[in-house]
Number of protein chains: 2
Amino acid sequence: MAATLRDVALRAKVSVRTVSNVVSGYEHVSAQMRARVERAIEELDYRPNPVARTLRTGRTGVLALVVPEIDVPYFAELAREVITAAADVGYRVMIDQTGHDHDRERELLTGGDRGMLFDGVLFSPLVTRAELLAMQESRSMPLVLLGEHEFDGRYDHVAIDNVQAAHDATAHLLAIGRTRIAAIGAQPQEDYATPQQRTAGYERALRAAGMTPAEDYLRPAVHYSRADGYQATRELLERAERPDAIVCYSDLLAMGALRAIYDAGLRAPEDVAVIGVDDIEEGRYSRPSLSTVSLDTPFIAREAIARITARIADPETPAVQVTAPHTLVVRESTEGRSPDLGR
Amino acid sequence: MAATLRDVALRAKVSVRTVSNVVSGYEHVSAQMRARVERAIEELDYRPNPVARTLRTGRTGVLALVVPEIDVPYFAELAREVITAAADVGYRVMIDQTGHDHDRERELLTGGDRGMLFDGVLFSPLVTRAELLAMQESRSMPLVLLGEHEFDGRYDHVAIDNVQAAHDATAHLLAIGRTRIAAIGAQPQEDYATPQQRTAGYERALRAAGMTPAEDYLRPAVHYSRADGYQATRELLERAERPDAIVCYSDLLAMGALRAIYDAGLRAPEDVAVIGVDDIEEGRYSRPSLSTVSLDTPFIAREAIARITARIADPETPAVQVTAPHTLVVRESTEGRSPDLGR
DNA sequence: TTGTAAGCGTTATCAC
DNA sequence: GTGATAACGCTTACAA
């Protein structure tokens, strides 16, 4: 049986209060008391029970990170950074997957079952804005939204400038002389912010170049997966007017696109240039290596942790939005440049 | 302020005992009592506090999954399956990263700080067996080891037959006529089980074919990363006696190898065949697509959850070892076959 | 079947 | 500076 505070107190012949003081690093404890208590702790191999502490303090030391699927490289890389950043400030991270399930997403957001298990939630949502508003009704728990751009002053956001990111990707394709530029990742049926914003950026870049976005060059993708990218690209390549470039709304879509282009007997970038968004490591090793818009995941993670801890400390902290920087990374899939992999 | 059991009791004019009975689905509650209580619960939007429940019952409903790095695709895919399998039986999953840090691994294993935060730990270790034995000293918490092969009867194992897996990969290269077969992923400095077993399988297959494993064909890799695979392959290709095939101890290493072969102006599989271990999705879309030894991740996850829940229910359950099935998957990187990606 | 009350292991409010 | 002691919200003997 594990030793408790009381056991230590008995052994050290002091009160539990004193032991608690020593354990939680209280200042005003005499040196000899401290020594006595520490010996008893040592002897009994005492370790504080975090559950009891939580019941008393209301703090769990745990954050929830909610993502659609943890094995999507972008989310895996984000999770890694988040876990690391959280550990730096003494937090652990619990990961929940929504699996693209609206109901599950809502349940996680309203805290359906999870009561006081977390001190805060980092949410990378698919959910619509309208639905988010409804969430507001629910019991409030510190919440930071990741990746959304729209900001309504209600929640902290660590945003990505999706419009600009997609614009930059498209503008790069235009700059290298492409004229039939398709896009993969739209979700016309749904009210999701990310695909809408990326489509807006894509179309804005085309219009700025005096081009009219062609309806059938805008391909939907449900899961932003390799399979989605593969399938959508196949369809695009069957068009009479075959595109000479594709903007993929995620690197994973782009990986599928590259393979589809190869399977069709075509070359990237010569026949079809491809660019993605995210900058996952996979794209640095693929053939061709993938041009992309790099999102600063460490920044997002650090900022998310900073926001959530601030809100936990003071729930009345006004909600703020920070936008993560992004940069265009040109690799072989658009310009034939070699990556720098030699160490 | 969140409503408590007592609030509900007061409102429904019943005892807390009755409310608790209703909440935890106790059988013998009269219909009218139940109705009354449920109305009060509804009105107060009451939700049980899991922390208080945990303090009382000793069960947290949380499992820890400990992996080196969550953004390594194999672990990400495993985590996905584990989280799903855990959710099916009412468990949540906390993810901890050891980051290849021995001390951190030991700390997580001995439960350094985490006291009673988890009901059990699923551990995918790098740690040596000798060190594992020492862990035994520590306070016991239900533990299931993932991926290790050695079984000492002390812990539950969901094992991979690493020797056989590496053997099968090597045998396949021999079967397609390769004679200068290198391996990447050994860790001669360390006492890690996985690389040792895979090297054993590699060497056994070579010997069975009447060949002598060449020392300088066995390349170390510390992190099993793309970068490690790239670097090791570069070095191999500089050898006077250039290998015509490479067994990579992980698919990620193989992705780096493929890129290095391409950068060296060589072709896979014509000049150098490559095979990995894991069967991550990335390898189905790479160019060339990657031959590999497929590990049954869903099986591992399901079995791990089954073992840990059994041990939580009865700590005296004898430790067992189950071995996950693996299968050779032949793709372009060894035999030029096309993958089947069209849906 | 339902009520009363004793903890679970902490922290925090009092005194001294 | 240290010692009693009352919560934190729940489950569960033990009674009724």
Side-chain angles (χ1 to χ4, degrees), chain A residues 1-38 40-41 44-62 90 111 113-119 139 141, chain B residues 1-38 40-41 44-62 90 111 113-119 139 141:
Chain A
M1 204 47 207
T4 87
L5 212 52
R6 172 191 236 90
D7 299 332
V8 177
L10 254 43
R11 173 128 195 164
K13 297 196 199 306
V14 298
S15 77
V16 291
R17 165 70 208 255
T18 303
V19 179
S20 178
N21 281 345
V22 171
V23 170
S24 39
Y26 187 61
E27 298 275 305
H28 309 286
V29 183
S30 71
Q32 69 166 41
M33 271 286 158
R34 182 178 300 277
R36 194 137 57 103
V37 170
E38 279 170 348
I41 288 178
L44 295 172
D45 189 25
Y46 164 79
R47 318 203 191 172
N49 180 334
V51 175
R53 174 176 287 161
T54 292
L55 181 59
R56 188 60 238 228
T57 62
R59 300 285 206 76
T60 64
V62 177
D113 56 337
R114 73 172 183 296
M116 325 209 56
L117 267 180
F118 318 130
D119 294 340
R139 73 177 67 266
M141 137 128 33
Chain B
M1 204 45 207
T4 88
L5 212 52
R6 173 191 236 91
D7 298 332
V8 177
L10 253 44
R11 173 127 193 164
K13 297 195 201 305
V14 297
S15 76
V16 290
R17 167 69 206 255
T18 303
V19 180
S20 178
N21 281 345
V22 171
V23 169
S24 40
Y26 187 60
E27 299 274 307
H28 310 285
V29 184
S30 72
Q32 70 167 40
M33 270 287 159
R34 182 180 299 278
R36 194 134 59 99
V37 170
E38 278 170 348
I41 288 177
L44 295 172
D45 189 26
Y46 165 78
R47 317 202 193 173
N49 180 333
V51 175
R53 174 177 286 161
T54 292
L55 182 58
R56 189 59 236 234
T57 62
R59 299 284 206 77
T60 64
V62 177
D113 57 337
R114 75 173 182 294
M116 326 208 57
L117 267 180
F118 319 128
D119 294 340
R139 72 177 68 266
M141 136 128 32

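Note that the structure is predicted; figures quoted are calculated from it, not measured.
For the pair B:R59 CZ and D:dC10 P, the interatomic distance rounds to 19 Å; values are reported in whole Å. Straight-line distance from the CZ atom of B:R36 to the P atom of C:dT1: 16 Å, rounded to whole Å. In this structure, A:R53 atom CZ and C:dC8 atom C1' are separated by 16 Å, rounded to whole Å. Spacing between atom NE2 of B:H28 and atom P of C:dG3 amounts to 16 Å, rounded to whole angstrom units. Rounded to whole Å, the distance from CG on A:L5 to P on D:dT5 is 16 Å. The CG atom of B:L55 sits 7 Å away from the P atom of C:dG9 (whole-angstrom rounding). Atom CG in B:D7 sits roughly 10 Å away from atom P in D:dC8 (whole-Å rounding).
The two residues B:V37 and B:V8 come nearest to each other via the heavy atoms O-CG1, 4.2 Å.
For A:R56 against C:dT10, no side-chain N or O and base N or O form a donor-acceptor pair under 3.5 Å.
In this structure, B:R17 forms a cation-pi arrangement with B:Y26, its terminal cationic atom sitting closer than 6.0 Å to the ring centre and no more than 45° off the ring axis.
Side-chain N or O atoms of B:R36 include one that pairs as donor or acceptor with a backbone N or O of B:A12 at under 3.5 Å. Between the side chain of A:S20 and the main chain of A:V16, no donor-acceptor pair closer than 3.5 Å is present. At distances below 3.5 Å, at least one donor-acceptor pair connects side-chain atoms of A:T60 with backbone N or O atoms of A:L117. No side-chain donor-acceptor contact under 3.5 Å links B:D119 to the backbone of B:R59.
The closest side-chain donor-acceptor pair between A:R53 and A:N49, if any, does not fall under 3.5 angstrom.
Closest contact between the side chain of A:Y46 and the listed nucleotides D:dG1, C:dT10, C:dT2 involves C:dT10. The side chain of A:A52 lies closest to C:dG9, out of C:dT2, C:dG9, D:dC10.
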Check step by step if side chain to side chain contact (heavy atoms under 4.5 Å, CB included) holds for A:V19 and A:V22.
CA-CA 5 Å; A:V19 179; A:V22 171; 5.7 Å; no

For A:L44 and A:R11, what are the C-alpha separation, side-chain angles and deciding distance, and is it a side chain to side chain contact (heavy atoms under 4.5 Å, CB included)?
CA-CA 9 Å; A:L44 295 172; A:R11 173 128 195 164; 4.0 Å; yes

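Where B:Y26 and B:T57 each meet DNA chain C at their nearest nucleotide, the meeting point lying more 5' is that of B:Y26.
Taking 4.0 angstrom as the limit, B:S30 places a side-chain polar atom (N or O) nearer than this to OP1 or OP2 of C:dT2.
Sorted by residue number, the members of residues 9-23 of chain A with any non-hydrogen atom under 4.0 Å from DNA chain D read A:V14, A:S15, A:V16, A:R17, A:T18.
Rounded to 10 degrees, the angle between the two end axes of the helix from C:dT1-D:dA16 to C:dC16-D:dG1 is 40°, with five pairs used at each end.
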